Amino acid sequence: MMRRYARWRLAWLILVGAVCVAAPPREILDRGTGATLHVSERPWVLALEQPQLAAHARDYVALYAVEIDTSGRRSYHLAAFFWSTVPGRDRYAGDHPSLTLQVDDRQLRLDPLGKSPQDAGVSRWPLAPPARGALLTIYEVDTALLRQLAGNGRVRARPESDPTLPPDLWFEPWRSGNRAFAAFVAATVDAD
Amino acid sequence: MRCRVLVQLVLATGLGAASMASPAQSTRLLDAAAVSDRDDHLDLSVDFSCSLRYQSHTPTSEGDELHVQLAIGPDCSLPPNAQFPVDRLLPAGTADLVRSIELQPGLTGGAELIIRWNRIEKFVLAPAAGMRGLRVRVQRTVAQRVVVDDSAQVPGSYAVNLESRQQPFDPLDAPKAGALLSAPVFVSERVVDGQTWYRLRAGPFTSRREAEQVLREARERYPGAWLGIDDEPPAEPLADGELAPVPPGPAGTRPAETREDAALDRLLDEARQALRARRFDDAVARLTQVIASQDYVHRIDAAELLGLARERKGQLAQAKAVYEDFLRRYPDGPAAQRIRQRLQTLRMAGLPGRRGSGSGADRVGWSGYGNASQFYRRDDSRLSSDALSRNLTTQNALLTDVDGLVRHRGEQYDFAARASMGYAKDLLQFGPGDQLRVSSAFVEVNDRSRGLGARLGRQSRGMAGLNGAFDGLLGTWQWRQNVGFNAAVGMPVESTRDGIHADRKFVAVATDLASARLGWDTAFYALAQQYGGMVDRRSIGFESRYLRAGRTLFAMADYDLHFGALNNVTVLGTLLTESRWAFNLDAGRQKSPLLSIRNALIGQPTLVFDDLTTQFTPDEIDQLARDRSASLTQLGLGAAHPLGDRGQWTLNLLSTDLSGTPASGGVAAVPGLGRDSSISTEFMINGLLRAGDTHSLALRYQDGGTGRVASIGVGSRLLLAQSWRLTSRLRLDRHTQQTDGSDEWVYVPSLRLDYQHGHNVIELEAGAELDRKALNAGGSEDTNRFFFSLGYRLTLDAGRR
């Protein structure tokens, strides 16, 4: 009886632990260039309701943390996917979206990297789009921003290249990625 | 001279017409709407012609549509679950804020007020005391304040942000960090969304290399340190005549603007053409794309044009930001001097004290807005039972409404004049007669630089403590950014179908206190009102709002000093969680009707107040007024949550208790209705059949003093083509009477087809209310009602963006 109770308790702890502890980042070896990439297991997903266009439809942006290690030289990026569930708004932020990110008191404007994957040291970006038609854009960032995204601060975003977006409207968190980013920072930035 | 003539014309038309109006039976539930604008918010007031009690609203605090569920009061001469044609208000003068205001039957009974904004807005809702209206405060972003502890950091340079927190740093933190890094360290403040952040910063540094060196050294002790580049907003506006210096940005960080690009040349030409043709949205979209290219050779031209496009579009805050960025990038360019002049002009226009009767559009010069509508409406009833059969046409009328607003914005003074009227032509042979309704007729002048304003005529609200419309004078003074004073004197308007009633007068004062940093604003007021030479009301009270991301709170209280009783206390709160649950709470207790000496007339065999003074002493009249006011207690809880990407679910619980009134002065006692509780839930989904459609299913169960009601309602709105929309609804009610347990079934179908072209609409609506009631003696009684409505609405804009 006691043993069965202990088994159930252990199973419950494992389940809770699995829920509470975020998965570590994915590690990918690019065989074409020899670079090693780390990508956060889950993204930050932010969204903006567009009820004036379609009820309960939204524009989305998903942010993954990416580290590219090329022969010991590391660079850090955010890989952003832009998509929309409003019909006809597939490219709502344009083909080269600029993104303003605000985390707590820090507001940062991110412009697209403007490099091909090869210029960045990889064969291709190993990221699957979260929705059909999602546009991938890569931004170069510093580790301080990744640490902030790994914390419990307030996160908001604005695709500045969307001409229909009013000036004081922001994308708000739809799904937090702070645990995945925390695991990413622990495995990459703080791993030295 | 032209202004004086216009003032006289508006006053004569509005007030003169109001005095000729003949009182008649009400056919409209929506009475008037008006917008008052302040620097950081707009107040939309919606007045009802009878009591519509607030029950719940969705979404809680942000969206482009606001749906408010209302219970129909007994003075509306309609049953609680009445089916009525959609009622509309014309939002002239609110054009920049509101697209439409409609009142329609609720999907499970009652009424539903739908306010459609022109864009997504953040708002706080507040029901008016007396249940005769609603106020919605729409938040506008307040410019971020920057207070630099010492003027160490100059905008346009580099700093290393070591740490940010929401509590002040210890006085020793800065010198300790400075000693560690061998660099100057200071603390700056920044307000973001009303929250003050304290930032420990090293610098300023004139070169990026120097800043990055310090950043590398700092990361060991401050792992979250980051490089700040030009990230402190500019300082406060300068004195008159002084050109605005905007420090140059670090030019070395940007690529040289030397690249030719034929595609961008084409975009720039298209933008110029769009600007000349006043298609500002097109121009802004194209210019935004052009300046995204940092190395384009004509980027400087595009940047200047973008600022101009924003300015002409009336987006002054964005225009200022574009010009400031221009001066940082091109401080010595050929256009820099004229950009500085333009920036200075914009900053002068943005000085505190700006008030207006419209939605705050910053267009210089004259502008005009107008709406007109005509609807034909017919309503037939058929009553049949074993004993009798009767047909009756209860309404056959042509309803005409016009609304016009003229505005002039000058360097220092703003002028506005508004008139909103409706005329119902009664086509029945023995009907209630023609009705003329004047909702608004006023002129307004504002001195922006001194913060003074005055409005004269028939107007709606405009300050705390005032319920409904009044004829009179309202004065405002914005003394400081966060402190304002208001005073009003006039005569309350019982009904917009009435003329001026000089037998009832009031004077009221109020003070508004606001704290953008804390997210609070509160108004305290005092009001004294006379009727027939006696004290009608003598109230003091407050209205307070708290607005933050994800949570709002509204509280109000009104205490009548003359009657020594609390007239009204209400609390409304909303909460949005990270998991996207939205909760709202509504709790209140109020007198129904509000305490007023005129209540003494209720139940008396006279409508003339002077007749009472011959029968009763003043103290007895006071007591009669108290006795005729019942107490209404209401408690409501609501929850809402998205269903996937395309749906939403809401749940509302509501409990009300209306007390009885004692017998006095020859008027019999009225027993209380007891506790009335209801639970309702609604599911909404869009895009089920095709893109753009919306479908709803609602269920409601109510248990009250008179019986039980179970309702189910389904509704859908389909986009048939780009401009055609079909709305269909079906509701089924089952009433079980408390007295004898008999059942009554009600079927309520309705169909509405509308065609929209720009802001103009043609609309056709038809519906029925089929009621079968089982009789005690056996058999049944059928009451069938059919209504039909056809009409159009036109919008005229001589200055709309």
Side-chain angles (χ1 to χ4, degrees), chain A residues 47-58 60 84-88 94-98 102-109 111-112 114 131 141-154 156 160-170 172-176 178 185 189-190, chain B residues 59 62-65 99 116-120 122 139-141 161 164-166 190 192-193 195 197-199 215 219 222-228 231 281-282 284-286 288-289 292-294 315 317-318 321 549-550 578 580 642-648 684-687 691-694 717:
Chain A
L48 177 70
E49 298 249 355
Q50 295 282 8
Q52 74 280 17
L53 300 176
H56 308 301
R58 299 174 191 87
Y60 292 90
S84 178
T85 55
V86 178
D95 290 329
H96 307 285
S98 298
Q102 179 160 338
V103 186
D104 288 336
D105 68 311
R106 186 183 186 190
Q107 190 168 301
L108 200 60
R109 169 151 177 157
D111 289 314
V141 297
D142 58 20
T143 55
L145 181 64
L146 298 177
R147 285 183 196 284
Q148 286 180 292
L149 289 169
N152 293 319
R154 185 174 180 210
R156 304 192 302 175
E160 296 295 348
S161 45
D162 177 7
T164 66
L165 191 62
D168 54 351
L169 276 190
W170 292 78
E172 298 288 344
W174 180 258
R175 197 161 49 234
S176 172
N178 65 335
V185 168
V189 179
D190 293 341
Chain B
E62 186 173 342
D64 92 317
E65 281 190 7
R99 199 152 36 98
R116 295 191 174 91
W117 314 106
N118 272 322
R119 40 164 276 184
I120 297 172
K122 291 181 182 169
Q139 210 67 11
R140 284 281 180 260
T141 303
N161 196 87
S164 297
R165 57 168 76 157
Q166 294 184 23
R190 181 166 181 163
V192 177
D193 272 353
Q195 296 272 0
W197 286 88
Y198 300 89
R199 311 205 288 190
L215 176 64
R219 276 202 172 136
Y222 302 96
W226 46 272
L227 188 65
D231 63 348
D281 287 331
D282 286 347
V284 166
R286 282 166 172 73
T288 304
Q289 283 180 269
S293 297
Q294 302 290 322
Q315 295 175 326
Q318 288 93 314
E578 283 188 6
R580 298 189 301 282
L643 292 177
D645 277 349
R646 296 184 296 163
Q648 172 155 296
M684 284 192 299
I685 190 166
N686 74 291
D693 64 4
T694 305
R717 187 172 70 177

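In what follows, every chain begins at residue 1, and chains take the letters A, B, ... in the order their sequences are listed. Remember, it's a predicted structure, so these values are computed and weren't measured experimentally.
Using a 4.5 Å cut-off between heavy atoms, A/Asp142 touches chain B through its side chain atoms alone. For B/Ala225, the part lying under 4.5 angstrom from a heavy atom of chain A is the backbone only. In this structure, the portion of B/Trp197 lying under 4.5 Å from any heavy atom of chain A is its side chain and not its backbone. The part of B/Arg219 that comes within reach of chain A is its side chain, from C-beta onward, which places non-hydrogen atoms under 4.5 angstrom from that chain. For a residue to count as touching a neighbouring chain, one of its non-hydrogen atoms must lie under 4.5 Å from one of that chain's; by this rule B/Leu227 touches chain A with the backbone only.
Applying the side chain to side chain contact (heavy atoms under 4.5 Å, CB included) test to A/Glu160 and every residue at least two apart in sequence or in another chain returns A/Ser98, A/Thr100, A/Arg109, A/Arg158. Judged as a side chain to side chain contact (heavy atoms under 4.5 Å, CB included), and not counting sequence neighbours, the contacts of A/Ala47 are A/Arg58, A/Tyr60, A/Trp174.
Within the 4.5 Å cutoff, the side chain of A/Arg106 has no heavy atoms near those of the B/Asn161 side chain. Contact annotation: the side chain of B/Pro223 approaches that of A/Arg147 to within less than 4.5 Å [non-hydrogen atoms, C-beta and beyond]. Counting heavy atoms from C-beta outward, A/Leu145 and B/Trp226 have side chains that stay 4.5 Å or more apart.
Note that NE2 of A/His96 is 8.5 Å distant from OG of B/Ser293, once rounded to the nearest 0.5 Å.
Partner A/Asp105 forms a side chain to side chain donor-acceptor pair (under 3.5 Å) with one of B/Gln195, B/Gln166, B/Arg199, B/Arg190 and no other, that one being B/Arg199.
Of all the heavy atoms in A/Ala144 and B/Gly224, the pair that sits closest is CB-O, 3.6 Å.
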